[in-house]
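The shown structure was predicted, so the numbers you read here are calculated from the model rather than taken from an experiment. What's counted below: heavy atoms across the whole structure, side chains too, no hydrogens, waters or symmetry copies.
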Amino acid sequence: MKIHIYKFSYMYYIATHATDTFFKSLSDETRLLCLLLLVRRQSLCVCDFQSMLQLSQPKISRHLADLRNQQLVEAERRGKWMYYRLHPALPAWCLEVLTLAAQQDTSRLDRLINQLTCDC
């Protein structure tokens, strides 16, 4: 009986921790926009984010590193460029929240995507 209680407590901790981490990530506008842009474009490099968000490379990279550490995005090196996409193991409910948020913010996301000038 104690093992089942411990297992339940541990699973509750994991689920709660994942939920807290996810929503804390959304609380920062830069991280939120990065995630929403990835919903719309599937894969973007750091210079794409720089172009759209008008932020420095170190700032973008720091936010993307946070998202990667929280397993919300995944990075892939293509030549000298790092490309990011939503993590394939992202829970369905997280993807649904991001998709709904992107659908509600189409005008801002369209405006940002139209600023895309990077040709990496």
### Query
Going through the distances and angles, do Leu109 and Val39 end up as a side chain to side chain contact (heavy atoms under 4.5 Å, CB included)?
CA-CA 10 Å; Leu109 295 175; Val39 167; over 6 Å; no
### Candidates Leu37, Ile60, Leu33 - the one meeting side-chain contact (heavy atoms from CB on, under 4.5 Å) with Met52
Leu37
### By side chain to side chain donor-acceptor pair (under 3.5 Å) - contacts of Glu96 (at least two apart)
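Testing Glu96 for side chain to side chain donor-acceptor pair (under 3.5 Å), a comparison that skips the adjacent residues, returns none.
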## Note on the structure
Hits for side chain to side chain donor-acceptor pair (under 3.5 Å) against Arg77, two or more places apart or cross-chain, chain-then-number order -> none
Distance, nearest 0.5 Å, that separates [atom1] of [X] from [atom2] of [Y]:
X      : Y      : atom1 : atom2 : answer
Leu112 : Asp105 : CG    : CG    : 8.5 Å
Asn69  : Thr21  : CG    : OG1   : 11.0 Å
Cys34  : Leu32  : SG    : CG    : 9.0 Å
Leu36  : Gln103 : CG    : CD    : 11.0 Å
His63  : Ser25  : NE2   : OG    : 11.0 Å
Phe22  : Leu35  : CZ    : CG    : 7.0 Å

### Verify same cluster id: Leu67, Phe23 (apolar side-chain graph, 4.5 Å)
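Leu67 and Phe23: one cluster.
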### Query
Can you get from Trp93 to Leu95 by hopping between Ile, Leu, Val, Met, Phe, Trp and Tyr side chains that sit under 4.5 Å apart?
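Trp93 and Leu95: one cluster.
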### Query
Around atom CD of Gln104, are there more than 12 heavy atoms of other residues, nucleotides or ligands at under 6.0 Å?
no
### Message
Quick check on Arg68: does its CZ atom have over 12 non-hydrogen neighbours (other residues, nucleotides or ligands) under 6.0 Å away?
### Response
yes
### Glu74 side chain vs Gln71 backbone, donor-acceptor pair below 3.5 Å
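No, Glu74 side chain to Gln71 backbone: no donor-acceptor pair under 3.5 Å.
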### Query
Do Lys24 and Gln70 have side-chain heavy atoms sitting under 4.5 Å apart?
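No, side chains not in contact.
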### Task
Would you mind reporting whether Leu72 and Asp66 have side-chain heavy atoms less than 4.5 Å apart?
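In short, these two side chains do not touch, never coming nearer than 4.5 Å.
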### Task
Work out which heavy atom in Arg78 is nearest to a heavy atom in Ser43; give both atom names and the distance.
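Smallest interatomic distance, heavy atoms only, reads NH2-OG, 3.3 Å.
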### Task
Over all heavy atoms of both residues, which pair between Arg31 and Ser27 is shortest? Give the atoms and the distance, please.
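Of all heavy-atom pairs spanning Arg31 and Ser27, the closest is NH2-OG, 4.3 Å.
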